[in-house]
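Keep in mind that this is a model prediction, so the values were computed, not measured.
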Amino acid sequence: MTFNENLEKRRIHAEEIISQYLPKEDAVPGKLAEAMNYSMLAGGKRIRPILLEEAYHMLGGTGNCAEPFMAAIEMIHTSSLVHDDLPAIDNDLSRRGRPTTHAAYGHALGVLSGDALLNYAYETALKAFTMDVDSERVLQAVSVLAAKTGMYGMLGGQSVDVENEKNRIYSLDKESLDYIYLNKTAALLEAPLMVGAILAGADEEQIACMEQIGRSAGLAFQIEDDILDVTGTEEELGKPIGSDEKNDKTTYVTLMGIEQAKEEVFRLTEDAVARVRQLPGDGTFLEGFLRSLSVRTK
């Protein structure tokens with residue numbers, strides 16, 4: 001089996017897991033559930049659930065206790081996209097080649113479905129308490145999930161980014177840009193790797209190593225997004241391109257140019273790969289996956 005075939009197999013598996021935990025649309029409030037599922041089933045690479053499950057199995061995890069967390073991390077990621085697209089933030093009308101949630105269901109359900117997905121994510125993750133796994137691991141995993149996606153993680157980074165745009169602060173130094181990227185993007189790659197490790201019973205050193213892998217890979221991922229905003233096409237990305245340049249927004253491309261930005265993506269990715277090799281278990285797929293993220297076209 002080639003790497004791409006293996007990746008597609010894992011993506012399909014992640015889709016199946018996610019589908020099992022989606023809300024039912026045949027009861028009140030059915031329209032809210034429909035809007036939630038619309039955004040959850042819009043496609044995507046399912047990067048975070050794949051990372052979570054791989055970390056879990058790589059470090060010796062068995063059983064299915066990682067599955068509710070796989071669904072939960074994708075719900076949190078999707079809720080952030082739903083809210084990013086709203087008129088008050090990015091005001092985007094298309095994502096992944098089709099209307100955004102607020103464009104399809106209206107502004108109110110755009111707000112409410114994003115809120116509901118974030119809350120439903122934790123309802124879903126907590127289902128792991130009913131499974132055959134040490135409850136202390138579940139508690140630690142939920143704590144990491146909350147911390148990495150809250151005000152000192154994803155939401156905090158997003159809020160700084162939004163406030164800068166609101167106040168027309170577009171010229172940033174590298175330190176300020178890194179704060180946004182490490183919280184808005186990298187924290188949501190750190191979380192699944194750490195959660196997978198925790199549920200598998202990894203020790204503190206191994207969990208910290210997974211966090212650093214997510215940190216390097218997440219920063220590389222966001223820099224690659226900067227590059228794709230310049231070099232990609234709307235057909236490939238499924239969303240408008242050139243918005244950073246149009247808004248005079250500071251990115252790694254504007255700070256150091258495309259070639260140096262590409263070098264930074266390579267350096268960070270190789271740092272993440274080197275850390276994978278410090279861990280027990282077969283890291284072959286994880287190494288390949290991290291490298292694939294750094295050369296993606298969408």
Side-chain angles (χ1 to χ4, degrees), residues 10-11 13-24 33 36-37 40 46-80 114-156 183 186-215 217-218 275-276 278-283 285-286 289:
R10 292 168 189 252
R11 188 195 65 78
H13 175 64
E15 291 274 8
E16 292 169 349
I17 297 301
I18 291 165
S19 296
Q20 292 173 19
Y21 287 96
L22 293 179
K24 306 300 181 186
M36 293 164 69
N37 293 341
M40 285 294 295
R46 307 307 190 193
I47 291 167
R48 293 151 192 85
I50 291 173
L51 285 175
L52 196 155
E53 187 172 45
E54 182 60 19
Y56 178 67
H57 290 308
M58 180 179 160
L59 295 183
T62 58
N64 61 356
C65 68
E67 293 182 359
F69 282 94
M70 291 169 64
I73 194 69
E74 193 69 6
M75 290 173 188
I76 293 170
H77 171 58
T78 303
S79 77
S80 74
D115 291 345
L117 277 171
L118 185 58
N119 194 80
Y120 200 61
Y122 293 102
E123 292 182 54
T124 301
L126 291 170
K127 293 181 187 295
F129 276 115
T130 66
M131 297 177 170
D132 185 19
V133 60
D134 185 341
S135 61
E136 288 299 317
R137 294 184 191 177
V138 178
L139 181 59
Q140 185 182 359
V142 172
S143 297
V144 165
L145 191 65
K148 290 295 183 182
T149 59
M151 67 177 292
Y152 297 114
M154 177 191 72
L155 291 174
N183 286 278
L188 213 57
L189 294 192
E190 294 168 12
L193 289 166
M194 293 174 71
V195 166
I198 290 166
L199 293 174
D203 60 33
E204 290 186 10
E205 185 176 342
Q206 292 166 348
I207 296 167
C209 186
M210 282 295 188
E211 181 177 28
Q212 288 301 316
I213 292 168
R215 185 180 179 89
R275 293 178 189 276
V276 171
Q278 297 172 11
L279 293 167
D282 183 359
F285 174 79
L286 183 54
F289 190 36

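Put simply, CD on Glu123 and CG on Leu117 are 11.0 Å apart, with the number rounded to the nearest 0.5 Å. From Ile50, atom CD1 reaches atom NE2 of His13 across 10.0 Å, with rounding to the nearest 0.5 Å. The CG atom of Leu59 sits 9.5 Å away from atom CD of Glu54, with the distance rounded to the nearest 0.5 Å. Within the model, atoms CE of Met40 and OH of Tyr120 stand 10.0 Å from one another, a figure rounded to the nearest 0.5 Å. The CG atom of Asn183 sits 11.0 Å away from the CE atom of Met151 when rounded to the nearest 0.5 Å. Atom-to-atom distance recorded for Thr62:OG1 and Leu199:CG is 11.5 Å, nearest 0.5 angstrom.
A pairwise comparison of heavy atoms in Leu193 and Leu51 identifies CD2-O, 3.9 Å as the closest pair. Taking both residues in full, the closest heavy atoms of Pro49 and Ile18 are given as CG-CD1, 4.2 Å, listed atom of the first, atom of the second, then distance. Nearest approach of Ala197 to Ala55, heavy atoms of both residues: N-CB, 4.2 Å. Scanning all heavy atoms of the two residues, the minimum distance from Arg48 to Pro192 falls at O-CB, 3.3 Å. What you find for Met154 and Ser80 is that their closest heavy atoms are SD-CB, 3.8 Å. Taking every heavy atom of both residues into account, Ile76 and Tyr122 meet most closely at CD1-OH, 3.8 Å.
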For Arg10 and Phe289: C-alpha separation, side-chain torsions, deciding distance, then whether side chain to side chain contact (heavy atoms under 4.5 Å, CB included) applies.
CA-CA 11 Å; Arg10 292 168 189 252; Phe289 190 36; over 6 Å; no
Would you please test Cys65 and Tyr56 for side chain to side chain contact (heavy atoms under 4.5 Å, CB included) and show each step?
CA-CA 10 Å; Cys65 68; Tyr56 178 67; 3.4 Å; yes
Under the side chain to side chain contact (heavy atoms under 4.5 Å, CB included) criterion, do Glu67 and Tyr21 qualify, and how do the steps go?
CA-CA 9 Å; Glu67 293 182 359; Tyr21 287 96; 4.3 Å; yes
Begin with the C-alpha distance, continue with both residues' side-chain angles, and end with the deciding distance and a verdict on side chain to side chain contact (heavy atoms under 4.5 Å, CB included) for Asn64 and Ile17.
CA-CA 10 Å; Asn64 61 356; Ile17 297 301; over 6 Å; no
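Although no hydrogens or angles enter the test, the distance criterion places a donor-acceptor pair under 3.5 Å between the side chain of Gln206 and the main chain of Asp203. Listed for the Thr78 side chain is no donor-acceptor partner under 3.5 Å among the backbone atoms of Met75.
Around atom OH of Tyr152, no more than 12 heavy atoms belonging to other residues, nucleotides or ligands sit under 6.0 Å away. Around atom CZ of Arg275, more than 12 heavy atoms belonging to other residues, nucleotides or ligands sit under 6.0 Å away.
Side-chain contact between Leu279 and Met210: present, with at least one pair of heavy atoms (C-beta onward) separated by less than 4.5 Å. Using a 4.5 Å heavy-atom cutoff, the side chains of Thr149 and Leu155 are not in contact. Ile73 is not listed as a side-chain neighbour of Phe69, based on a closest heavy-atom distance of 4.5 Å or more. No side-chain heavy atom of Ser79 sits under 4.5 Å from any side-chain heavy atom of Asp115. Side-chain contact between Met36 and Leu22: absent, with no pair of heavy atoms (C-beta onward) separated by less than 4.5 Å.
Using a 4.0 Å cut-off between a side-chain N of Lys or Arg and a carboxylate O of Asp or Glu, Glu211 and Lys148 qualify as a salt bridge.
Exactly one of Leu145, Val195, Ile207 qualifies for a side-chain contact (heavy atoms from CB on, under 4.5 Å) with Gln140. That residue is Ile207.
Partners of Arg46 under the salt bridge (Lys or Arg N to Asp or Glu O under 4.0 Å) rule, at least two apart in sequence or in another chain, are Glu15, Glu74.
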